[in-house]
Amino acid sequence: MIKMNNVLTIILAAGQGTRMKSDRVKVLHHVAGRPMLHYVVDNAGSFSSSIVLIIGRQGEMVRESLAGKPNLKFIVQEEQLGTGHAVIQAREEILKHSGPVLVLYGDTPLLREETLRNLIKIHEEKQAASTVLTTRLEDPTGYGRIIRDKAGNLVRIVEERDAGAEEKAIREINSGVCCFDSSLLLEALANLDNKNAQGEYYLTDTIAYLNDQGKKVLPYLIEDYQEIIGINDRKNLARAERIIRDRINEKHLENGVTMIDPATIYIDSEVEIGQDTLIYPFTYIEGKTSIGKNSIIGSHCRIKDSKIGEAVNIMDHSIILDSQIGAYSQIGPFAHIRPGCLLETETKIGGFVEIKNTTVGQGTKIPHLSYVGDASIGQETNVGAGTIFANYDGEKKHQTIVGDKVFIGSNTTLVSPVKIGDEGKTGAGSVVTRDVPEKTTVVGVPARKFVRKER
Ligand code: UD1
Ligand code: CA
């Protein structure tokens, strides 16, 4: 890949996005778990020396969502008077810049980094005044059309609403992505007017201007029309989601992950999965999740913001949220692991167990039908079927501490705050209200020390 470090990228994101019918700014709507704008910013970030974001008056949320990303500058476009007017807002930045200027839209998350790099490369090699990314569409309705002369040279771009019947029949369209020589861009912008059907300053009119001045304007035509899909409404959004998810799954398949039916598996864009992991159909893996090698993720599971070790077996219908699962562990079926759990290696959380905010030591098993909340459990402990950690007294949540090699009998209730020492035991059905010292067995309701009667 070529190295570029002198590209100024201007991303237009000031538009209202009215057609989304939403209270949320359009560019912050999510595609595969991330705001669409983040795809654009991250792509640009890989080759731009600086990025200017043109935001609208309500752009505070946009600014916040991008906090922490490097080399970003925000400029507010008070009134949305068109794409050309939007780019003029970055005049000072363009003046300071000597290399190429790339203009992108915040609502085109499907564009590949590779495509943008190629566009810049061609623009530089051919020493063009402007290079426009174009594609051909079955149905070009709504897009600006690419007008070429008889020799095939780009002459101008005409917007749908300004186009005559003959122009409307043209299927080659303007993607909106365009690379410019910085000083010629400023000159062309200074010569824009708004005498058109929408009364706007069109960035696209810079092409006709530069061409009339005898400057070189080039079209860069790409095959994959999907890349340039702009998100204007929820139908486009759903389509983009499908395309991005296919791309994500393909990447994991290439990396050695097996998916029995990729079309039914939903993986967010930041998820990492190790080689030889197997994923069954109808599973959703969200947020910042990572999964180690050789794991099995069953059907109908949902895993969010979690770290799963290697060779973990997550059986069907399990939910794991904001937790860590150590290597060689077994989860489910029908386990509900709520936020804040840290399971060490070789643990077992079995069927119909709900667990939250709890650490579970190595080799510990909670195999069936339990509720475990706000606890710390040691190593090689066994929690019998139907055990309840009664952590809530109606007002407050309390902690339970269970040591190593403890045996909790079936149907025990641990009324917290309470502590069970190492190698302690509880009899089936006991209700434990006081601490149990180590190596001690308690039974009954309320549980007391079990003393074997002499005969
Ligand atoms: C634009 C192009 C059209 C192209 C299409 C591709 C122009 C005049 N037309 O049309 O040739 O085929 O994109 O999707 O450029 N924006 C601002 N400030 C403004 C106006 C727009 O920031 O004052 C932003 C919008 O938020 C959006 C982008 O610019 O991200 C494009 O604006 P939009 O109104 O959607 O342009 P189109 O009509 O789709
Ligand atoms: Ca658009």
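Indexing begins at 1, ligand by ligand and atom by atom, following the structure's order. Side-chain atoms are counted along with the backbone in the values below, which use heavy atoms only and exclude waters and symmetry mates.
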Exercise for the section: Identify, by atom number and element, the atoms of ligand 1 in contact range of A86, meaning under 4.0 Å from any of its heavy atoms. Expected result: 17 (C), 18 (N), 22 (O)

Exercise for the section: Decide whether an N or O pair under 3.5 Å exists between Y105 and ligand 1. Expected result: yes

Practice task
Decide whether an N or O pair under 3.5 Å exists between I157 and ligand 1.
Solution key: no

Fill in the blank from the handout: Near G15 (heavy-atom distance under 4.0 Å), the atoms of ligand 1 are 17 (C), 22 (O), 25 (C), 26 (O)

Practice task
Return the orientation label for the Y266 and Y284 ring planes: parallel under 30°, perpendicular over 60°, tilted otherwise.
Solution key: tilted

Exercise for the section: Examine the side chains of S416 and H398 and answer whether a donor and an acceptor come within less than 3.5 Å of each other. Expected result: no

Problem - Close approach, E159 and ligand 1, non-hydrogen under 4.0 angstrom - result: yes

Handout entry: D233/K21 ion pair, N-O < 4.0 Å
Key = no

Handout entry: Polar contact flag for Q77 and ligand 1 (N/O pairs, less than 3.5 Å)
Key = yes

Problem - S175: numbered ligand 1 atoms lying under 4.0 Å from its heavy atoms - result: 6 (C), 14 (O)

Exercise for the section: Decide whether an N or O pair under 3.5 Å exists between L12 and ligand 1. Expected result: yes

Practice task
Determine, considering heavy atoms only, which of N232, T108, D107, L104 sits nearest to atom 27 (C) of ligand 1.
Solution key: D107

Would you tabulate the side-chain donor-acceptor contacts of residues 212-219 under 3.5 Å, counting partners in other chains and residues two or more places apart, or write 'none'?
| unit_1 | atom_1 | unit_2 | atom_2 | d |
| --- | --- | --- | --- | --- |
| K216 | NZ | K126 | O | 2.8 |

Handout entry: Any N/O pair G144/ligand 1 closer than 3.5 Å
Key = yes

Handout entry: Flag for T277-H252: side-chain donor and acceptor within less than 3.5 Å
Key = no

Practice task
Would you check if the side chain of N391 reaches a backbone N or O of K397 as a donor-acceptor pair within less than 3.5 Å?
Solution key: no

Practice task
Could you tell me whether L203 and ligand 1 have an N or O pair separated by under 3.5 Å?
Solution key: no

Handout entry: Donor + acceptor pair across side chains of T387, S370 (<3.5 Å)
Key = no

Handout entry: side-chain hydrogen bond (donor to acceptor under 3.5 Å, both in side chains) contacts touching residues 169-191 (sequence neighbours left out)
Key = T134-E172, R148-E172, D181-S183, E187-Y209, N191-Y209

Exercise for the section: Could you tell me whether N174 and ligand 1 have an N or O pair separated by under 3.5 Å? Expected result: yes

Exercise for the section: Just jot down the ligand 1 atoms closer than 4.0 angstrom to any heavy atom of Y202, in number order. Expected result: 8 (C)

Problem - Salt bridge flag under 4.0 Å for residues E254 and K251 - result: no

Problem - R91 atom CZ, over 12 foreign heavy atoms within 6.0 Å - result: no

Problem - Numbered atoms of ligand 1 (with element) below 4.0 Å of T83, judged on heavy atoms - result: 7 (C), 8 (C), 15 (O), 20 (C), 21 (C), 29 (O), 31 (C), 32 (O)

Practice task
Decide whether the shortest distance between a heavy atom of T204 and an atom of ligand 1 is less than 4.0 Å.
Solution key: yes

Problem - G230 to ligand 1, any heavy atom closer than 4.0 Å - result: no

